[in-house]
Amino acid sequence: MQVFKVFFKLIKRNFGEILLYLIIFLILAVVLSSVNTGSQYSGFNQTKSRIVFINNDENSAIVDGLEDYLAKNAVIVDMKDDSRTLQDALFYRDIEYIVKVPMGFSEKFYKGSDAKLEITKIPDSISGVYMDNMIDKYLNTARIYVNNMKNISDEELISYIQKDLSQTANVNLSSANTVKEKDFSYYYNYSAYSLSAILILGVCSVMLVFNKLDLKRRNLCSPVKGRSINLQLILGNLVFAFGAWFIVVIVSMLLYKKDMFTLNGILMILNSFIFTIATLSISFLISNIIKSRPAMSAAANVVALGSSFISGVFVPQYLLSAKVLTIASFTPTYWYVKANIIISSLSQFNAQSLKPVFTNMLIVFAFAVAVLAITLVVMKQRKTVS
Amino acid sequence: MFTHIYLYKLKNIIRDRNLMFWTLMFPIILSVLFWMAFSNLTKGEVFHDIKIAVINDTAYKENVNFDKALSYVSADNEDKLFDVTYTTMDNAKKLLKDNQIEGYIYFDDGLNLTVKTSGINESIIKEFLDYYVQTTSTATTIMAKNPSVHSSLAKDLSNKVQYLNEVPAGSANPDTVVYYFYTLIAMTCLYGSFWGQKEVSDIQANQSYVGARVNIAPTHKLKVFSISMLAAVTIQLIEIFVLLLFLIFILKIDFGRQIGYIVLTCFAGTLTGVSFGAFVSSCITKKEGIKIAVLIGGSMIMSFLSGMMYAGIKTLISRNLPVLSYINPANLIADSFYSLYYYSGYSHYFLNTALLCAFTLLFSFLTYITLRRQKYASI
């Protein structure tokens, strides 16, 4: 088993660089999955946004009522009406929303002419949409009362609106544990990036040495059979790849404990196992194409980052454009992430719900086989050339 | 003499293919990836109809108004919100379990919604139901007090008035997507440190053959070193501008209009990057691999802290540990671009640029202190 031993001696020599990607991954996984848990889309139990309410109008019932209503559903921060202070606060997300009531707003509102509040918010933010909605609802309800009940008093108006807006539909959650499961799906998505980088670097750094022309010639005239050398190399590659995969799995078990031992967790582990095989196959191909160590780092970074970015590892797939996803579908990462998404939302395990999961896994596996076939052709060609 | 050293240094730098890749090609590739991944974020995602089910029992059929409201938002037109299946309770439960629908609606002492998780789609369904319940409450109250307004009420209920007028915060909206590209430029500036590292190695006799050769030449070391640093800055500046042109004209990233200030930031950032590399290289006496690792690790950590991987980090730091955002060159560079884009004034911008210049001076001074009068008894 000399060749096998040399394989891991070479891995050891490059361990620093490989370790770097493992550490990056662990930091990413821990930080990002703790940030992502129930963050902006926390749905029904909204965290209150911090807002600023500036009234340049007189204190009319409608404006005061609106302020009271917002105070109940958001945190009103007291801040000076100075554009620089407000800009800074908004930029650093100290506040998320600014409402300015311009002069003469109440008068215009009661008259039914063009009354507008000036609002400033963080664009495309969920909190912004919620606040918009809240103010919109309040003022529209007020408008309906004012238009249809001519002699309504201020107190009546405010209390009616409050009563109306306090009504909500009842919401039941059918299964309580599904939110937690999303955590490890983030973790496994990020692992696609690290596994690709680690495998490409590891496999290439070893294969580059074995593919050196002089060394190859020396090995060919050694008493060890060619087949034996190749088998040991394959074994070395497999052990290395599954070792990397194993670390990812172990860490996920430490981080998510019980959750990993559910059916969802086990399917996720199986999915990443298949992905590891496909990535190994790609690493093997790259190791046969590149010729130098600098090219190896470049290839590792470009391939790992590239496939991760377009396949929805860093940015969720539903936010990517259809064109990008079409390109991404030529990488196994896309199908791996797709299977992960489906697995994380599974709550029932039957033939119908599992079918898309296994289809995606099969596609990833097909990538492994296809790339391996290409690699063998490339190797054969290089052999005949040299 | 000056032109001779300068030109040969330029040639020497351009022929370093490996570093050319990392300082020029890699940022461009990364920017394309950012662009592919983020371009859809600002345009607003493609909205897919939300699949829901409604329990079609007698309680539901009694609520004619709800049926009307629902059929209005599920009609096949541009405003279509829901894809509704009318079914029984058992079937709806099964559909929900199989992920065929997002939730189901039923009447049982008021409107009820059952969902599986709490996501954005579920919030939209709830928002719709809440709105229905609230409007119904309004209508009931008014009809009880003043039944004569039936027709005008119906009209009032169906048209919504826009009361909001959005005013941007600064000269532009705070946009996290452009910010990612700013951090990318910051990272590229810091990658200039590779050139600084190379130039220092090339003048130290115990680090490279070129260094050994330069040391026996009669030229003054400070002269050789300053000229080669100038060449490094030249190349790095050209690379930054190539990246900038690529971002502006091909990817169409918005940089605001103050081109002069943008160039100034690039200049300051490049100087900081190159001098940072020289500083690291001069104070670490180990092999080149270690130096490179420190530079990559350092620039990655700085980029991460400035928000390149996750923009929220920047907010987190400026809220909890503001000092860190002022001693992080990557953050200063990205922040300069952003303040040009976002703030109407320049005070924030000038503070950042001044700090960058201060860092450059500090790094250069420290490099000079460590490099001066180095003699080699043996190499």
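Atoms considered below: every heavy atom in the structure, side chains included; atoms not considered: hydrogens, waters and symmetry mates. Every chain is numbered from 1 and lettered A, B, ... according to where its sequence line falls, protein lines coming before strand lines.
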**OP:** Output the option from A:Leu86, A:Asn133, A:Ile342 having the highest count of non-hydrogen pairs under 4.5 Å with chain B.
**Re:** A:Asn133
**OP:** Could you have a look at B:Leu111, B:Asp130, B:Asn165, B:Ile105 and say which one has the most heavy-atom pairs with chain A under 4.5 angstrom?
**Re:** B:Asn165
**OP:** Would you check if there is a donor-acceptor pair between the side chains of B:Tyr131 and B:Lys126 at a distance under 3.5 Å?
**Re:** no
**OP:** Could you tell me whether the side chain of B:Gln134 and the main chain of A:Gln167 form a donor-acceptor pair under 3.5 Å?
**Re:** yes
**OP:** Heavy-atom distances under 4.5 Å only: say whether B:Thr135 touches chain A with side chain, backbone, both or neither.
**Re:** neither
Original post:
Side chain, backbone, both or neither: which part of A:Tyr145 has a heavy atom under 4.5 Å from chain B?
Top reply: both
Subject >> Region of A:Ile310 that comes under 4.5 Å of a non-hydrogen atom in chain B >> reply: side chain
**OP:** Tell me yes or no: between the side chains of B:Thr138 and A:Asp164, is some donor less than 3.5 Å from an acceptor?
**Re:** yes
Original post:
Given that the side chain runs from C-beta out, which part of A:Asp132 has a heavy atom under 4.5 Å from chain B: side chain, backbone, both or neither?
Top reply: both
Subject >> Heavy-atom contact with chain A under 4.5 Å, split by part of B:Lys93 >> reply: neither
**OP:** Would you name the heavy atoms of A:Val63 and A:Ser106 that are closest together and state the gap between them?
**Re:** CG2-OG, 3.5 Å
Original post:
What residue in B:Leu164, B:Leu129, B:Val32, B:Ile296 has the most heavy-atom pairs under 4.5 Å with chain A?
Top reply: B:Leu164
Original post:
Are A:Arg293 and B:Asn18 linked by a side-chain donor-acceptor pair shorter than 3.5 Å?
Top reply: no
Original post:
Are A:Tyr190 and A:Phe25 close enough that their ring centres sit under 6.0 Å apart?
Top reply: no
**OP:** Under 4.5 Å heavy-atom distance to chain A, tell me which part of B:Ile125 shows up: side chain, backbone, both or neither.
**Re:** neither
Subject >> Proximity breakdown for A:Tyr97 and chain B, heavy-atom pairs closer than 4.5 Å >> reply: side chain
**OP:** Let me know if A:Ser311 has heavy atoms under 4.5 Å from chain B in its side chain, its backbone, both or neither.
**Re:** neither
**OP:** Counting only heavy atoms closer than 4.5 Å, note whether A:Lys116 contacts chain B via side chain, backbone, both or neither.
**Re:** both
Subject >> More than 12 heavy atoms from other groups under 6.0 Å of NZ on A:Lys100 >> reply: no
Subject >> Which portion of B:Ile29 sits near chain A, non-hydrogen atoms under 4.5 angstrom >> reply: side chain
**OP:** Say whether B:Tyr163 and A:Asn140, considering side chains only, have a donor N or O and an acceptor N or O under 3.5 Å apart.
**Re:** no
Original post:
Between B:Tyr179 and B:Tyr341, does the ring centre distance come in under 6.0 Å?
Top reply: no
**OP:** Quick one: which of B:Gln162, B:Lys314, B:Met300, B:Arg17 has the most heavy-atom pairs under 4.5 Å with chain A, could you say?
**Re:** B:Gln162
**OP:** Look at A:Gln352, A:Lys323, A:Glu118 and state which one has the largest set of heavy-atom pairs under 4.5 Å with chain B.
**Re:** A:Glu118
**OP:** Name the orientation class of the two ring planes belonging to B:Phe66 and B:Phe128 (parallel below 30°, tilted from 30 to 60°, perpendicular beyond 60°).
**Re:** tilted
Original post:
If you count heavy-atom pairs under 4.5 Å with chain B, which of A:Leu165, A:Asn147, A:Thr141, A:Ile98 comes out on top?
Top reply: A:Leu165
Subject >> Per-residue contact mode, B:Tyr104 against chain A (heavy atom under 4.5 angstrom) >> reply: neither
Original post:
Using a cut-off of under 4.5 Å for heavy-atom pairs, which of A:Ile161, A:Asn301, A:Ile135 has the most such pairs with chain B?
Top reply: A:Asn301
Original post:
Crowded around A:Phe15 CZ? As in, over 12 foreign heavy atoms under 6.0 Å?
Top reply: no
Original post:
Using non-hydrogen atoms only, which part of B:Leu96 is less than 4.5 Å away from chain A: side chain, backbone, both, or neither?
Top reply: side chain
Subject >> Parallel, tilted or perpendicular, as decided by the 30° and 60° cut-offs, for the rings of B:Phe194 and B:Tyr191 >> reply: tilted
